[in-house]
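This one's a predicted model, so the numbers in the text were calculated from it and none came from an experiment.
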Amino acid sequence: MNWIDPHIHFFALQHGHYDWLKPNNPPYWRDKSVIARSVYERDLFTGNHATLGGFVHIEAGFDNGQPWREVAFLEQHCVTPFRSVANIDLRSSTSLSDIDRLKRFRSVSGLRHILDDDAATLLRSPKVLHSLKHMAANNLSFDAQFDITDGASVSALLNVIERIPELTVIVNHVAAAPFSAYALPAEALSAEGSLSAEGSLSAEGSLPAEGSCSKHTNSSRHSYSSLAYTKWQRHLSALAQCSNMAFKFSGMEMQDRQWTWTYVQRLLNTALDIIPIDNIMLASNFPLCTWRMPYAQLLKGYDDMLKRMQSQTASTAFSLSVDDAEKLRYKNAYKWYQF
């Protein structure tokens, strides 16, 4: 099967800083040592029988003060077709000149400033908005990484899209949904959590009413008890109404290191019920995905899941066509990251 993986990281520990991977620095994951090792392009192909036609490298902390060093290293050493999402400090006094410098690299198609818990504050900053507008003017997309369950962050991002409609935003790790992999009943959503067409953006930065979501094509209704999950679904629906926004289905291991394929398939059914098929990509988050399984096993698992989903007939499942599967594997990544 052909693949373009739109979310991978390489760690060249002998050449870069990678402060976040050091044991005494946050994040304080007890299993950080599993991934805190040098990882290069060749590691993507270890035991991998999938046809990896390309990848998107997401900045990994090589040198946040001089993010072009990471891009230069990648362009010197990588042979597979790839695109880069480089680091940018949107608050920096040099952000505009940094954007201009990064734009000159042939692989750079986007930039990322990890928003996380500071998303709402950052996205309302005039300086950050000015930097994002300059990115858009240079045809660079913005990879947004933040907690989708946080309403203030989602509202702030929607406000950015309204103020800078020419900006392309790609949301990271929508599969890091906030509930346990072992508590996913398959009943239909209750009235409170049901999907409806009431989710249109009616005011600047506004969110749909509690429990309402926009719906695309098929209906994949699952009842989950988690309030956080309900917020995740509702906010995802609000974001999905933006035609210039795409989503990467990845990051399961950030929520549960022992996630199951049953869990992931149900979650993808739900995501596809909300997000237009042209706006979502399957991704790995390599090498963090290796907390759960080897990279080759993850791609094979994705392929097997897509085959199962092409034969789904239940009313609670998204009916996937062959072309839909190809969009999830590589066509959408090819488009959104400007291969």
State, yes or no, whether a side-chain contact exists between D63 and E70 at a heavy-atom distance under 4.5 Å. no
Check the orientation of F11 and Y18. Use parallel for under 30°, tilted for 30 to 60°, and perpendicular for over 60°. perpendicular
D278 side, atom CG; S243 side, atom OG - distance, nearest 0.5 Å: 11.5 Å
Name the residue from K127, H134, H130 that meets the side-chain hydrogen bond (donor to acceptor under 3.5 Å, both in side chains) definition with S95. K127
Please confirm whether the backbone N or O of K22 pairs with a side-chain atom of K32, one donor and one acceptor, at under 3.5 Å? yes
Check whether any side-chain heavy atom of F62 sits under 4.5 Å from a side-chain heavy atom of W68, and report yes or no. no
Using the six-membered ring wherever Trp is involved, compare the ring planes of H77 and H15 and label them parallel, tilted or perpendicular (cut-offs 30° and 60°). tilted
Salt bridge check, D304 against K300: does any charged N sit closer than 4.0 Å to a carboxylate O? yes
First locate atom CZ of F55, then atom CD1 of I8, and finally report the distance between them rounded to the nearest 0.5 Å. 5.0 Å
Look at the side chain of Q310 and the backbone N and O of A325, then say whether any donor-acceptor pair between them is shorter than 3.5 Å. no
Working to the nearest 0.5 angstrom, can you tell me the gap between Q145 CD and D116 CG? 5.5 Å
Minimal non-hydrogen separation, L298 against M252, with atom names: CD1-CE, 4.4 Å
For the CG atom of L306 and the CG atom of L328, what is their distance to the nearest 0.5 Å? 6.0 Å
Is it the case that the side chain of W291 and the backbone of D31 share a donor-acceptor pair, with hydrogens and angles ignored and the cut-off at 3.5 Å? yes
NZ (K331) and CG (D324) are apart, to the nearest 0.5 Å, by 9.5 Å
For R106, all residues meeting side chain to side chain donor-acceptor pair (under 3.5 Å), sequence neighbours excluded: E75
